[in-house]
Engineer: 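Okay, here's the structure, questions in a sec.
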Amino acid sequence: MTPQPNPEVGTAVKAADRAHVFHSWSAQELIDPLAVAGAQGSYFWDYDGRRYLDFASGLVFTNIGYQHPKVVAAIQEQAARMTTFAPAFAVEARSEAARLIAERTPGDLDKVFFTNGGADAVEHALRMARLHTGRPKVLSAYRSYHGGTQQAVNVTGDPRRWASDSGTAGVVRFWAPFLYRSRFHAETEEQECARALEHLETTIAFEGPSTIAAIILETIPGTAGIMPPPAGYLAGVRALCDTYGIVLVLDEVMAGFGRTGTWFAADLYDVVPDLMTFAKGVNSGYVPLGGVAVSGAVAETFAKRPYPGGLTYSGHPLACAAAVATINVMEEEGVVAGAAALGASVVEPGLRALAERHPCVGEVRGVGMFWALELVRDRETREPLVPYNASGEANAPMAAFAAAAKEAGIWPFVNMNRTHVVPPCNASEAELKEGLAALDAALTVADGYVA
């Protein structure tokens with residue numbers, strides 16, 4: 001589809017937005033949202049006809065790009081047949097979506113509780129864990145994000161939690177491994193892994209194992225920095241959970257459904273959690289959908305005891321039809337294997353080449369179509385390009401980088417001192433190279449802030 005400029009409509013759309021839409025995570029009078037006219041594949045465009053390559057995949061959810069014709073057709077067909085139905089009934093789209101998801105989840109995660117998105121998936125996973133164990137506490141990591149609803153934001157380990165954290169949610173935080181900014185004075189991945197596991201076991205011991213219902217981790221943390229855990233860490237957490245009777249919850253809302261070049265990031269580490277949350281890529285974000293994949297042991301707790309939770313739109317037929325179509329498209333078009341292959345052959349070497357050319361790049365990390373560049377003022381000291389949770393003038397270097405990226409034709413995913421490289425999982429080699437060239441130009445601007 002060729003963008004057709006229509007600035008008058010764009011002005012009207014923008015005016016209505018500014019008059020009536022209350023935006024998330026924003027000071028309402030300080031934002032200037034782009035009015036989007038359309039989207040197709042890996043691109044979207046504004047009403048002036050300017051096109052952007054979406055290197056953010058929306059909010060890391062358009063895993064098969066925008067407007068995939070087979071998914072659009074499936075939604076249209078489902079709308080014509082049965083637009084909606086209450087969740088207590090067996091509905092074909094819902095049953096088939098659950099079957100396809102359960103076929104791909106690891107181990108015996110064979111039951112699916114559907115939600116409207118990732119945050120409420122986390123809410124219900126933690127509720128299940130507490131009821132299953134009869135214990136009150138949840139352990140979660142710093143440098144994590146689990147959603148914006150009350151319990152989900154309280155297990156989050158980034159500043160978005162602060163305004164809502166009452167300190168009464170039964171949450172205890174710990175440090176997960178991250179060698180580049182190690183809290184354990186480690187010099188190798190092996191040391192980081194061992195010391196992080198020792199720290200976690202000590203935290204469990206001092207909190208009282210009999211009080212801990214769950215440990216929740218993003219399999220690979222997403223918004224917090226795309227930090228693949230060192231070899232052996234997740235297996236070590238699994239072993240600690242088994243030792244102390246703790247439920248392991250892996251949050252795959254961002255990392256799941258092909259993003260890491262596997263169906264789920266857990267597949268990279270050969271670890272099976274007791275509960276796994278998902279959303280986003282399950283249907284490329286076309287209709288809101290999330291869920292919890294439930295193990296046999298946890299499901300058995302509620303075999304004859306009612307689970308005290310539900311949602312009006314749980315397993316909404318339109319959302320589930322979109323999920324069925326998306327999973328089938330990913331299979332038919334080899335999207336998961338393609339993300340792994342192009343991630344290894346194009347994205348990773350391209351990003352490492354950029355790091356060699358640009359002194360602002362402190363570290364490159366990631367897998368598949370899930371990458372981050374850590375931007376720094378000084379490679380030796382690893383001082384971040386902007387301070388932690390910077391805003392206003394303190395965030396000027398990252399704001400300048402983001403503006404330069406947009407000027408070069410890509411829409412970046414920027415968080416704190418990082419830019420994340422998270423294009424659609426089915427982006428072509430040519431599109432990826434186009435995006436890398438635009439990043440090259442934007443990083444030149446960031447280099448101007450290097451000490």
Side-chain angles (χ1 to χ4, degrees), residues 1-4 6 9 13 36-46 51-54 56-87 89-105 112 114-118 253-254 256-259 263-264 278-291 311-339 342 369 411 422-428 430-431:
M1 184 179 295
T2 303
Q4 298 296 322
N6 197 335
V9 173
V13 170
V36 177
Q40 185 74 46
S42 299
Y43 297 89
F44 66 89
W45 52 89
D46 63 21
R51 193 175 74 156
Y52 299 91
L53 176 61
D54 192 357
S57 291
L59 284 174
V60 198
F61 57 69
T62 54
N63 286 15
I64 60 168
Y66 294 101
Q67 298 299 111
H68 193 290
K70 291 183 179 179
V71 183
V72 172
I75 295 169
Q76 292 170 333
E77 180 184 340
Q78 183 64 45
R81 186 151 46 100
M82 182 186 288
T83 308
T84 190
F85 216 82
F89 297 82
V91 174
E92 182 180 5
R94 186 180 298 145
S95 300
E96 181 64 359
R99 184 186 72 82
L100 290 174
I101 292 165
E103 281 184 353
R104 287 157 180 80
T105 52
V112 177
F114 284 114
T115 65
N116 300 326
V253 168
M254 191 172 284
F257 290 96
R259 178 57 53 186
W263 279 103
F264 295 96
F278 64 86
K280 292 184 184 284
V282 65
N283 63 9
S284 211
Y286 284 25
V287 183
L289 182 68
L311 304 96
T312 299
Y313 305 121
S314 176
H316 193 284
L318 288 182
C320 287
V324 170
T326 298
I327 293 169
N328 286 335
V329 162
M330 295 180 82
E331 284 284 11
E332 293 163 6
E333 299 182 5
V335 171
V336 178
L342 287 179
M369 293 292 172
W411 199 269
V422 285
C425 297
N426 61 345
S428 69
E431 290 168 343

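Numbers here are sequence positions counted from 1. All figures in this text were calculated on a predicted structure; none of them were measured in a lab.
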Engineer: For the side chain of Asn328 and the backbone of Glu332, is there at least one donor-acceptor N/O pair under 3.5 Å apart?
Structural biologist: no

Engineer: Between the main-chain N or O of Ala427 and the side-chain N or O of Ser42, is there a donor-acceptor pair closer than 3.5 Å?
Structural biologist: no

Engineer: Measure centre to centre between the rings of Phe257 and Phe264, then say whether the value is under 6.0 Å.
Structural biologist: yes

Engineer: For Ala339, which residues count as a side-chain contact (heavy atoms from CB on, under 4.5 Å) partner, sequence neighbours excluded?
Structural biologist: Met369, Cys425

Engineer: Mind checking the CD-CH2 spacing from Glu331 to Trp263? Nearest 0.5 Å is all I need.
Structural biologist: 4.5 Å

Engineer: Mark yes or no for whether Lys280, through its side chain, and Gly256, through its backbone, hold a donor-acceptor pair below 3.5 Å.
Structural biologist: no

Engineer: First locate atom OH of Tyr313, then atom OG1 of Thr84, and finally report the distance between them rounded to the nearest 0.5 Å.
Structural biologist: 7.0 Å

Engineer: Go through the structure and list residues passing salt bridge (Lys or Arg N to Asp or Glu O under 4.0 Å) with Glu333, not counting sequence neighbours.
Structural biologist: none

Engineer: Can you measure from CD (Gln40) to CZ (Arg51) and round to the nearest 0.5 angstrom?
Structural biologist: 10.5 Å

Engineer: Just how far is it from atom CD1 of Ile101 to atom CD of Glu96, taken to the nearest 0.5 Å?
Structural biologist: 10.0 Å

Engineer: Nearest 0.5 Å please: distance from the CE atom of Met330 over to the CG atom of Leu100.
Structural biologist: 12.0 Å

Engineer: Closest heavy-atom contact between Ala325 and Ala74?
Structural biologist: CB-CB, 3.5 Å

Engineer: Indicate the atoms forming the closest heavy-atom contact of Leu342 with Ser428, along with that distance.
Structural biologist: CD1-C, 4.3 Å

Engineer: Search all heavy atoms of Leu318 against all heavy atoms of Val287 and return the closest pair with its distance.
Structural biologist: O-CG2, 4.1 Å

Engineer: Give a yes or no answer on whether the side chain of Gln78 reaches the backbone of Met82 with a donor-acceptor pair at less than 3.5 Å.
Structural biologist: yes

Engineer: Are any non-hydrogen side-chain atoms of Ile75 and Tyr286 less than 4.5 angstrom apart?
Structural biologist: yes

Engineer: Rounded to the nearest 0.5 Å, how far does CG of Leu289 lie from CZ of Phe61?
Structural biologist: 13.5 Å

Engineer: For Met254 and Leu59, work out which heavy atoms get closest and say how close.
Structural biologist: CE-O, 4.3 Å

Engineer: Counting C-beta onward and ignoring hydrogens, is there a side-chain heavy-atom pair between Pro87 and Phe114 closer than 4.5 Å?
Structural biologist: no

Engineer: Check for a donor-acceptor pair, side chain of Thr115 on one end and backbone N or O of Gly291 on the other, with a separation under 3.5 Å.
Structural biologist: yes

Engineer: Taking the side chain from Asn426 and the backbone from Val335, do they hold a donor-acceptor pair closer than 3.5 Å?
Structural biologist: no

Engineer: So which atom in Phe85 and which in Arg94 form the shortest heavy-atom distance, rounded to 0.1 Å?
Structural biologist: O-NH2, 3.2 Å

Engineer: Heavy-atom distance under 4.5 Å between the side chains of Asp54 and Tyr66, does that happen here?
Structural biologist: yes

Engineer: Of all the heavy-atom pairs spanning Arg259 and Asn63, show the shortest one and how long it is.
Structural biologist: NH2-OD1, 2.9 Å

Engineer: Using ring pair (Phe, Tyr, Trp, His ring centres under 6.0 Å) as the criterion, list what pairs up with Tyr43, not counting sequence neighbours.
Structural biologist: none

